[in-house]
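Keep in mind that this is a model prediction, so the values were computed, not measured.
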Amino acid sequence: MARFVRTETFPVHPYEVDAFGLLAPPALAGYLQEVAGNHADELGCGLSAMAGKGVGWVLSRQRLEIDAPIRSGEVLTVETWPSGVERLMAVRDFLVRGRDGAVVARAVTHWLVMDLRSRRPVRPDRVLDEQYRADTEHVFPDASSPPPEVDRPDAERVLDVRYQDIDQIQHVTNSSYLAWAVEAVPEETWRACRLAAAETSFLAECRHGGRVVSRLQRLSDREFAHALAREEDGKVLARLRTAWAPREAVP
């Protein structure tokens with residue numbers, strides 16, 4: 001295991017589950033964001049330290065796989081560590097374990113360091129100590145391909161950007177993109193299946209006051225491509241690929 005590991009526990013509250021009693025994927029993404037932020041603070045590169053240098057972290061890519069259903073009342077242990085630098089992006093990995101220690105989810109995230117004035121990326125080595133840039137083990141043995149474009153949408157939903165979607169650097173938080181993508185999934189899939197995997201590429205910033213069009217294209221029975229675009233100018237903000245698994249009966 002990597003040298004710089006942070007571990008935190010999260011009880012799954014009833015208000016964090018979906019209509020079927022399973023942890024909502026945006027809530028799980030929120031756990032990952034929280035522990036990553038706390039670890040960054042511990043390592044001296046959290047939001048406050050970065051803001052003092054005129055820069056901030058921006059999530060560029062996220063790969064999330066949920067290996068097993070996570071139900072209300074479960075207590076999760078989340079482990080995270082910085083796992084290297086790829087080009088302009090700092091990489092961070094996560095393992096999520098249930099009460100019995102079994103892995104129930106895993107994730108890898110790629111982060112850009114953004115100049116808060118110019119809104120342009122800068123090299124991670126300007127703000128990230130060398131010891132935190134070393135390559136370490138990853139939770140996925142294989143690299144993934146980026147989500148495909150949605151060129152023939154099968155469904156779309158128009159959604160408002162709300163106050164609660166905005167984070168501390170005044171753009172939409174990553175968990176909202178996942179929630180918006182799920183809103184376009186067919187009802188029969190939503191009722192019969194749970195989200196098992198999501199790959200997200202964040203392409204442009206989104207701020208409060210506009211509307212987002214969530215488009216979906218079916219790739220197979222249980223796999224979809226998603227595109228999230230600003231309604232006013234059609235700019236694609238994020239692309240996703242999601243995979244779904246049949247829901248298991250509650251014991």
Side-chain angles (χ1 to χ4, degrees), residues 6-10 12 16-18 20 22-40 57-71 74 76-84 86 89-98 102-112 137-148 165 167 172-185 189-190 193-203 214 216 219-220 222-228 237-248:
R6 183 178 178 96
T7 302
E8 295 188 25
T9 57
F10 295 86
V12 178
E16 296 172 313
V17 302
D18 62 15
F20 308 94
L22 298 185
L23 178 64
L28 176 57
Y31 294 169
L32 303 184
Q33 186 169 344
E34 180 175 343
V35 68
N38 290 341
H39 200 197
W57 291 111
V58 175
L59 187 59
S60 178
R61 289 162 45 194
Q62 181 179 60
R63 180 180 177 185
L64 170 66
E65 292 189 5
I66 305 173
D67 301 322
I70 303 170
R71 296 190 170 90
E74 178 65 272
L76 302 178
T77 300
V78 181
E79 303 167 15
T80 185
W81 60 95
S83 51
E86 295 179 9
M89 293 184 287
V91 187
R92 175 174 284 276
D93 279 60
F94 303 81
L95 278 178
V96 183
R97 301 181 188 273
V103 173
V104 295
R106 64 196 77 214
V108 62
T109 54
H110 291 71
W111 299 81
L112 290 169
E137 63 183 297
H138 294 288
V139 296
F140 300 117
D142 59 323
S144 60
S145 57
D165 295 314
D167 65 14
V172 170
T173 187
N174 71 83
S175 59
S176 290
Y177 289 96
L178 182 56
W180 292 340
V182 169
E183 286 296 324
V185 170
T189 301
W190 173 73
C193 300
R194 64 174 181 85
L195 183 70
E199 175 94 14
T200 309
S201 292
F202 301 92
L203 304 174
S214 177
L216 170 145
L219 301 176
S220 67
R222 294 178 183 149
E223 188 175 12
F224 303 96
H226 306 258
L228 301 170
L237 305 169
R239 291 193 180 95
L240 300 90
R241 178 174 50 245
T242 63
W244 298 73
R247 292 189 183 276
E248 299 176 11

[X] versus [Y], closest heavy-atom pair with distance:
X: Arg241; Y: Pro147; result: NH1-CA, 3.5 Å
X: Ala238; Y: Thr200; result: CB-CG2, 4.5 Å
X: Arg92; Y: Ala40; result: NH2-N, 4.4 Å
X: Leu195; Y: Ala198; result: CD2-CB, 4.3 Å

Just wondering, do [Y] and [X] contact through their side chains at under 4.5 Å, heavy atoms?
X: Arg71; Y: Val17; result: no
X: Phe10; Y: Glu34; result: yes
X: Leu59; Y: Gln33; result: no
X: Leu76; Y: Val12; result: yes
X: Thr109; Y: Asn174; result: no
X: Leu23; Y: Glu74; result: no

Return a table of donor-acceptor pairs under 3.5 angstrom between the side chains of residues 175-185 and protein atoms on other chains or two or more places apart.
{"residue": "Ser176", "atom": "OG", "partner": "Asp165", "partner atom": "OD1", "Å": "2.7"}
{"residue": "Glu183", "atom": "OE1", "partner": "Arg157", "partner atom": "NH1", "Å": "3.3"}

ask   = Would you say the side-chain atoms of Arg6 pair up with the backbone N or O of Ala36, donor to acceptor, closer than 3.5 Å?
value =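 Not confirmed, Arg6 side chain does not pair with Ala36 backbone.
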ask   = Is the centre of the Trp111 ring less than 6.0 Å from the centre of the Phe202 ring?
value =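 When the ring centroids of Trp111 and Phe202 are compared, they turn out to be at least 6.0 Å apart.
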ask   = For Ala245, what residues pass the side-chain contact (heavy atoms from CB on, under 4.5 Å) criterion, not counting sequence neighbours?
value =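 Counting only residues at least two positions away or on another chain, Ala245 forms a side-chain contact (heavy atoms from CB on, under 4.5 Å) with Arg194, Ala196.
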ask   = With respect to Val78, which candidate in Leu28, Leu95, Leu32 satisfies the side-chain contact (heavy atoms from CB on, under 4.5 Å) definition?
value =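 Passing option: Leu32.
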